[in-house]
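Computed from a prediction, not measured in an experiment: that's the story for all the values here. Letters go in sequence order (proteins before strands), and every chain restarts at 1.
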Amino acid sequence: MKAKITFKGGIHPSENKNLCAEMAIKDFPPPDIAVLPLQQSLGAPAEPVVKPGDKVRKGTLIARSKGLISSNLHSPVSGEIIAVRKSPHPLLGEANAIIVRSDKTDEAEKDYTGGNFSIDNINPGEVLELVQNAGIVGLGGAAFPSHVKLNPPPDKAVKTFIINGAECEPYLTADHSLMLESADLILKGALIIKKMLKAEKCLIAIEDNKKDAISLLRQKLASMDNAEGFEILSLKVKYPQGAEKQLIYALTGKKVPSGGLPMDVSVLVHNISTVFAIYEAVYLKKPLFERIVTVSGKGIKNPANWRVRIGTSFKTLINHSGLTEKKIKKLIMGGPMMGLAQYTDEVPVLKATSGILVLTDEEAADFEHLPCIRCGKCVEVCPMGLMPAEISKMVERGRIDAAKGIGLLDCMECGSCNYICPSGTNLLQYIKLGKYEYMRKKNAKR
Amino acid sequence: MDKEEKKNIGYLAEVTKGFIKENPIFILCLGLCPTLAISNLVENAFGMGFAFFFVLLCSNITISLVQKLIPDEVRIPCFIVIIAAFVTVAGLLMQWLIPDVYARMNLYINLIVVNCIILGRAEAFASKNNVLRSILDAVGMGIGFFAGLLLISAIREITGFGTFLGFRLIPQHIKPVAIMILAPGAFFTIGFLMALFNLIRMKKGKVSK
Amino acid sequence: MLKDKHLTVTVSPHIKTALSTEKMMWIVSCALIPASAAGIYFFGFRAALVIAACIVSSLLSELFCTLLMKKPATIKDGSAFLTGLLLALCLPPGLPLWMCFLGGFFAIAVSKFAFGGLGFNIFNPALAGRAFLMGAFAKEMTSWKTLRVFPDGITAATPLNLLKEQGYDSLMKVYDSHSYLFKELFIGHVGGSIGETSAALLIIGGLILLFARIITWHIPVSYILTVAIISYFTGGTFGIIFHLLSGGLMIGAFFMATDPVTSPLTSKGQLVFGAGCGILTMLIRLRGGYPEGVCYAILLMNSVTPLIERYSKTRIFGAGKNG
């Protein structure tokens with residue numbers, strides 16, 4: 001099927017991406033104290049391999065993956081382990097974390113600047129091991145361990161490899177700035193994955209509001225070796241263009257079946273930042289201990305894209321960026337559509353933290369929850385073709401099974417329905433509650 | 001509702017329960033068909049109320065007297081026969097006393113045979129209680145039905161015709177709301193009165209608790 | 001420092017569109033201004049009084065009901081105002097004002113609040129109010145006699161009335177030619193209810209709603225198209241233009257049938273809903289006892305909305321055989 005370049009439904013929130021006027025990535029100084037929650041990715045938390053008092057350097061392995069879906073953790077600074085204890089966690093409220101005190105020397109485990117890798121004699125097993133050792137997870141937000149994704153079962157060969165550069169969340173410009181800074185390196189990373197999976201095509205999809213990144217990547221691609229099968233596509237600007245299933249549909253016309261994975265339609269999707277991290281892991285043997293974070297929102301005086309060490313607390317970043325005089329309402333990890341509101345700024349940057357937003361009263365909406373007037377706008381915008389108003393009403397009345405019957409579990413929680421609802425109904429809150437209740441009932445049955 | 005509790009309520013309560021607490025029209029929602037059909041004139045309501053009261057009283061007395069004689073398996077046909085006999089009596093009486101009202105509503109009078117309040121009281125009450133209580137129940141239910149009917153028909157006649165028992169209450173030049181004497185008007189009136197009665201009952205329930 | 005600021009914690013999303021229910025109601029009301037103004041222009045000051053009476057009575061009834069039911073005051077959300085305005089626009093301009101008050105009260109108190117308030121009503125309140133008045137005061141609701149403001153054009157009966165009761169010939173006796181009749185219908189220089197005469201201004205209002213994304217095209221298009229098809233097969237080209245422009249079709253298709261609360265959620269359902277309205281409207285116009293059928297057609301379709309919805313569920317992305 002032909003590419004559609006977009007999907008059905010979706011919304012057009014004001015982007016606010018220009019808050020970060022300066023696109024260049026700035027290096028954020030290593031923190032004095034790094035807090036590294038063991039649970040960085042989906043699945044099981046990692047198991048610490050250090051104990052308080054141990055000396056570590058930048059890039060030292062401090063916790064090892066445990067179980068199939070889990071990832072390694074490395075120290076982002078050089079210094080001393082001072083504790084392994086419960087600390088605030090942006091997703092879980094509170095979780096076990098390794099605390100490292102920096103000795104301010106920033107001494108690295110090894111030199112991560114130069115590196116070599118022979119792309120022509122690529123060995124998939126070796127790449128997989130490098131990725132796994134580097135502790136790479138999906139950096140777009142879901143934080144699924146990358147080595148698991150890169151190792152599909154033999155009967156589900158990947159034909160099309162998609163790199164997601166849509167960055168459809170408003171405010172966030174981390175991926176955009178990375179594309180501008182390291183376009184050629186991203187292409188190198190893409191080539192590694194394409195080669196190791198023996199994919200026929202590699203599509204790099206970027207929303208049309210990042211024209212400079214599209215032209216730069218096209219330019220770099222023209223001068224690259226092994227460029228056959230590569231294509232850079234511009235997508236219609238619409239939220240949630242970067243959602244996996246919608247992206248695949250927009251680019252290939254294939255629909256991932258309900259409850260299925262991209263590999264069911266022979267596709268694999270990775271985020272731009274993840275591809276870059278894979279490049280670093282394979283070429284430079286550099287573990288994942290820093291990432292690009294957008295610090296923005298109208299509450300921030302100097303919004304910018306920072307290269308931040310994992311474990312730096314939000315507070316340090318926000319204090320460094322300065323607060324405006326406006327009345328602040330919310331602190332969010334991630335974008336304004338799917339990000340998580342934080343109750344404290346003591347939480348650390350995780351591998352999956354793509355943005356930190358400080359939203360003021362004027363930006364952050366009040367949802368007053370008036371009665372639904374059945375306008376059908378949520379149905380119109382739902383990219384999954386659901387009827388959010390109906391599902392949320394079912395959940396409200398406690399009819400979880402009926403809600404499941406009309407697609408409760410198909411919801412990917414993009415929040416489009418909630419955004420568009422003129423009554424300010426908390427549709428997504430009810431849907432999330434419904435999913436939670438469903439899982440609870442299911443687990444209770446076992 | 002179990003029997004024990006019923007036995008214990010006083011004789012006065014046996015009568016008054018039919019007024020509001022167990023009002024046949026607004027709370028039990030029984031006998032709605034004649035209510036909807038004939039409640040557009042107060043005069044009709046009187047005719048219907050009288051016939052209904054007479055039949056209910058007589059059938060309740062008879063059924064409570066013969067309750068031991070009737071086999072359980074055929075009790076409903078027996079009740080119907082008894083009720084039908086009294087309906088015929090009532091019909092003949094009305095034809096003699098108020099022939100023009102009867103002419104207007106003889107169909108509905110005859111339909112009292114299958115009126116669910118009368119059969120319902122026979123089945124649920126008269127066949128299980130003694131004569132005195134059955135009389136009191138019939139009086140209470142009869143008054144409750146009569147009063148309800150009167151209320152509805154008064155509202156409908158005043159708004160729909162501008163009259164009460166034929167006397168003009170609203171000046172001729174003000175156009176009456178014709179829809180109130182049509183079927184929709186009956187539904188509106190009964191609906192809102194039901195809401196009102198439920199409100200009263202809820203308020204009472206709260207106070208007694 | 002963020003420490004001493006009170007951070008709000010809610011589930012995502014954290015931003016929201018600027019289009020609220022309240023705004024939607026006011027935009028619809030604004031879209032009705034041209035048609036209302038035309039009504040006042042054609043029918044005189046009396047029409048303005050009817051509009052004012054309906055709006056005031058709707059607002060007062062809303063206030064009364066919210067106080068009675070101890071609900072939060074919703075008088076400002078514009079829905080009662082809109083109901084009053086819509087009700088007035090489908091009433092004859094000579095209707096006694098106390099009847100307008102009664103209609104407004106019925107629309108809000110009985111057909112909206114008795115069902116639970118905004119979002120829970122089964123029937124379009126404005127149309128229910130009109131149907132109530134029609135049942136209560138049939139003579140006043142169909143008397144267009146007092147409208148001789150412009151002696152040259154506006155006749156006693158609406159064109160639909162003329163066609164139904166006296167036939168095509170007497171319609172042509174009043175309006176000499178087809179083109180003259182169509183012109184008069186288009187600009188609204190004919191007898192009828194206050195707001196339903198000027199097809200041109202109602203279409204402008206409808207386009208405003210479409211462009212403001214208050215309504216989608218599905219209901220108006222399927223409604224008007226169905227009427228056009230049926231009228232073509234029963235009356236040829238004259239039938240199409242006549243039936244589209246006369247009576248309450250335009251206000252019904254753009255403003256009444258599209259009432260979100262009482263129409264189906266999905267676009268599929270909305271197409272069915274519109275087609276159903278069209279069929280019923282034409283059935284009443286051609287075969288029924290009334291000259292005009294828009295009001296009852298929409299009310300009848302309102303009552304089957306839940307049924308339509310049951311059979312017009314959206315297709316879930318990636319579900320089913322072909323995905």
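Interface residue A:Pro13: only side-chain heavy atoms are found under 4.5 Å from chain C. When heavy atoms are compared at a cutoff of 4.5 Å, A:Cys421 approaches chain C solely by way of its backbone atoms N, CA, C and O. Within the 4.5 angstrom heavy-atom criterion, only backbone atoms of A:Pro383 (N, CA, C, O) approach chain C. Looking at C:Pro264, only its backbone comes within 4.5 Å of chain A, counting heavy atoms on both sides. Looking at C:Ser263, only its backbone comes within 4.5 Å of chain A, counting heavy atoms on both sides. With a 4.5 angstrom heavy-atom cutoff, C:Glu22 does not touch chain A via any of its atoms. Of the atoms belonging to A:Lys432, it is side-chain heavy atoms, and not backbone ones, that fall under 4.5 Å from chain C. Looking at A:Glu368, only its side chain comes within 4.5 Å of chain C, counting heavy atoms on both sides. At a 4.5 Å heavy-atom cutoff, the contact between A:Cys372 and chain C is made by backbone atoms alone. Proximity to chain A (any heavy atom under 4.5 Å) is shown, for C:Ser267, by neither the backbone nor the side chain. Both the backbone and the side chain of A:Ile406 come within contact range of chain C, with heavy atoms under 4.5 Å apart. Interface remark: A:Leu359 contributes side-chain atoms only to the contact with chain C (heavy atom separation under 4.5 Å). Looking at A:Val256, the atoms closer than 4.5 Å to chain C (heavy atoms on both sides) all sit in the backbone: N, CA, C or O. Only the side chain of A:Ile332 comes within contact range of chain C, with at least one heavy atom under 4.5 Å from a heavy atom of that chain.
Counted within 6.0 Å of NZ on A:Lys8, heavy atoms from surrounding residues, nucleotides or ligands total 12 or fewer; the atom is thus considered open. No more than 12 heavy atoms of other residues, nucleotides or ligands lie within 6.0 Å of NZ in C:Lys76, so this atom counts as exposed by the packing criterion. Crowding of A:Lys404 atom NZ: a count of heavy atoms from other residues, nucleotides or ligands under 6.0 Å not exceeding 12. Annotation: A:Tyr436, atom OH; neighbour count of heavy atoms from other residues, nucleotides and ligands within 6.0 Å does not exceed 12. Counting non-hydrogen atoms of other residues, nucleotides and ligands closer than 6.0 Å to CZ of C:Phe115 gives a total above 12.
Here the straight-line distance linking atom OG1 of C:Thr17 with atom CG of A:Asn418 works out to 12.0 Å at 0.5 Å rounding. Between the CG atom of A:Leu340 and the NE2 atom of C:His14 there is a distance of 6.5 Å, given to the nearest 0.5 Å. The CZ atom of C:Arg315 sits 6.0 Å away from atom NZ of A:Lys255, with the distance rounded to the nearest 0.5 Å. From C:Thr21, atom OG1 reaches atom CG of A:Leu370 across 6.0 Å, with rounding to the nearest 0.5 Å. A distance of 10.5 Å separates CG of C:Leu7 from NZ of A:Lys330, quoted to the nearest 0.5 Å. Note that CG of A:Leu408 is 10.0 Å distant from CD1 of C:Ile316, once rounded to the nearest 0.5 Å.
Between A:Arg374 and C:Leu265, the shortest heavy-atom distance links the atoms O-CD2, 3.8 Å. The minimum heavy-atom distance linking C:Thr8 with A:Ala341 is given by the pair O-CB, 3.9 Å. Between C:Pro13 and A:Phe367, the shortest heavy-atom distance links the atoms O-CE1, 3.5 Å. A:Gly339 approaches C:Ser12 most closely through the heavy-atom pair O-CB, 3.4 Å. Between C:Lys16 and A:Asp366, the closest heavy-atom pair is CD-O, 3.9 Å. Across all their heavy atoms, C:Ile15 and A:Glu363 have their closest contact at CG2-O, 3.8 Å.
With C:Lys23 contributing its side chain and A:Pro422 its backbone, the two residues share no donor-acceptor pair below 3.5 Å.
In terms of heavy-atom pairs under 4.5 Å with chain A, the best-connected choice from C:Leu118, C:Thr74, C:Val9 is C:Val9. Most heavy-atom pairs under 4.5 Å with chain A, from the set C:Val261, C:Val11, C:Leu19: that is C:Val261. Heavy-atom pairs under 4.5 Å with chain C were tallied for A:Gly9, A:Gly415, A:Ala365, A:Gly376; the largest tally goes to A:Ala365. Counting heavy-atom pairs closer than 4.5 Å to chain C, the top residue among A:Gln429, A:Met387, A:Glu390, A:His12 is A:Met387.
For C:Phe317 and A:Phe7, the gap between ring centers reaches or exceeds 6.0 Å.
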